[in-house]
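We count ligands from 1, going down the list as the structure has it; atoms in each ligand are counted the same way. Because only heavy atoms are used, hydrogens play no part in the values below, and waters and symmetry mates are left out as well, while side chains stay in.
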Amino acid sequence: MNNAGAGIAITGCGSAAPKAILTNEHLARIVETSDDWISSRTGMKRRHIANNTESLSKLSAIACQQAISMAGITPTDIDLIILATSTPDDLFGSASNIQALIGANRAVAFDLTAACSGFVFALITATQFIHTGVYRNALVIGADVLSRWVDWNDRNTCVLFGDGAGAVVCQAIPEGDRLLGFSMYSDGSKNGCLNLSYQSQSQPLVADLTTQSGTYQPITMNGKEVYRFAVDKVPEAIGKAMFHANLTSADIDWLLLHQANQRIMDAVAKRLKIPRSKILSNISEYGNTSAASIPLALDEAVRQGRVKPGDTIAASGFGAGLTWSSAIFKWG
Ligand code: UT7
C-alpha cells in the first residue's frame, strides 16, 4: 500500500445537475428583478434546482460514477472519498451514503466543509494522503444544494444560487506530480460577510436547565464586500500557487474559478494578465453552485474537448469563512 513520494494525477471527472431549470424570467416573477440586471451584474441566465427526489447524495453518486468510469477503474479501487459540501442530506455527513450508493466498499469517506472553497480544499487534502503513500485512489466531490437554504424573498441572494455536483478521481502515479502548486487561506474576522448560520432558541428542559431548539437561517451575504475580497485575494492565491509551481501566467492554459460572478472571473483574469478566452465559465447555465461549481465547469470543458490531457489549469475557490484557495494542476 505504501507509495510514499508518489505524484498525483487527476484522471477522471464527472458531474450532475438537477433537471428543473429556473430562469432569470422566472425569478423576475418571484422578486423585483430583471433578466437585464441579473445577466449584466452576474453573467447568470439559468440555474438548476433540485426537487425532493434529487438528493445531494444521488447527484454526487452520478458524478462519481462518471469520474470512476473515465479514470478506467472500479468503485472498489477507491481508497478515500472526500465530499466537499455545506448542504449535506444529513448533518452527520453524506460521504458515507455516497460510498454505499456507488459501491466503493473499501473506501473511507468523510465530509469537508469550506463553502465555495470546499472543492479545492478537498482536492488538496486528498492529494496529501496520496503523496504520503497512505492511499492510491481518491474521489473528490464538490456538491451543494443551496436552493434549500435560499430566502426566496431576498433578491440580493436568491438570484445567485443553483444546485449541482461534480467529482474527480485522483490517482497515485510513480513519477512526476501533476499537482504543481497550491495555496489555502482563511480569514474568520470576515465571517459575517456570508452566512448560513444556526440560530438557537432557548427551550426549557427540566428545572432551571434549558436546551436549544433552533434551526439554520437562510443565506445572508454582503455581496459588495465578498466581491471586493474575491477580486483582491484570488489573484494573490493563484500567484502564490504559480510561484510554488515555478510558473508564470503565460504557462496557464485555463483559468478555472469558482463560478460566483462573471465579472469576478473577468477581473481576476485581467489582474493575472490571462486572456479572457482562457476562462472556463458555465455560470450562465448553472449560476453559483458553491462547492460544485469548479468540478462542474471542469467536467463540461473536458467532455467538450476544450481541456486536453497535459493542459495546465489554475483553479481557485473562494467564499464563506471567508476562505480562498488555489490549485494548479495538469489535466489527465
Ligand atoms: O459563492 C460565494 C462567493 N460569492 C460571491 O463572490 C458574490 C460576490 N458578490 C457579487 O457577485 C455581487 O456583489 C452581487 C452580484 C451579489 C451584487 O452585485 P453588485 O453590483 O455588487 O450590486 P449591489 O449589491 O451593489 O446592488 C446594486 C443595486 C442595489 O440598489 P441601490 O441600492 O443601488 O438602489 C440593490 O438593491 O442593485 C440592487 N439589487 C438588485 N436589483 C435587481 C440587488 N439585487 C438585485 C436584483 N435585481 N436581484
With the threshold set at 4.0 Å, does a side-chain nitrogen-carboxylate oxygen contact exist between [X] and [Y]?
X	Y	value
D35	K45	yes
D253	R306	no
D299	R303	yes

Is the shortest distance from a heavy atom of [X] to ligand 1 less than 4.0 Å?
X	answer
F318	yes
T42	yes
V31	no

Not counting sequence neighbours, list each pair that qualifies as a side-chain hydrogen bond (donor to acceptor under 3.5 Å, both in side chains) and has a residue in residues 95-105. S57-N97
Quick one: does atom 6 (O) of ligand 1 have a protein heavy atom under 4.0 Å from it?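 Neighbour list for atom 6 (O) of ligand 1 includes protein heavy atoms (cut-off 4.0 Å).
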Less than 4.0 Å between atom 38 (C) of ligand 1 and some protein heavy atom, yes or no?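 Yes, there is one.
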Under 4.0 Å, heavy atoms only, figure out whether ligand 1 is touched by the backbone of [X], its side chain, both or neither.
X	value
I264	side chain
T33	both
E32	backbone
L194	side chain

With a 3.5 Å cut-off and no angle check, do the side chains of T289 and D144 form a donor-acceptor pair?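 No.
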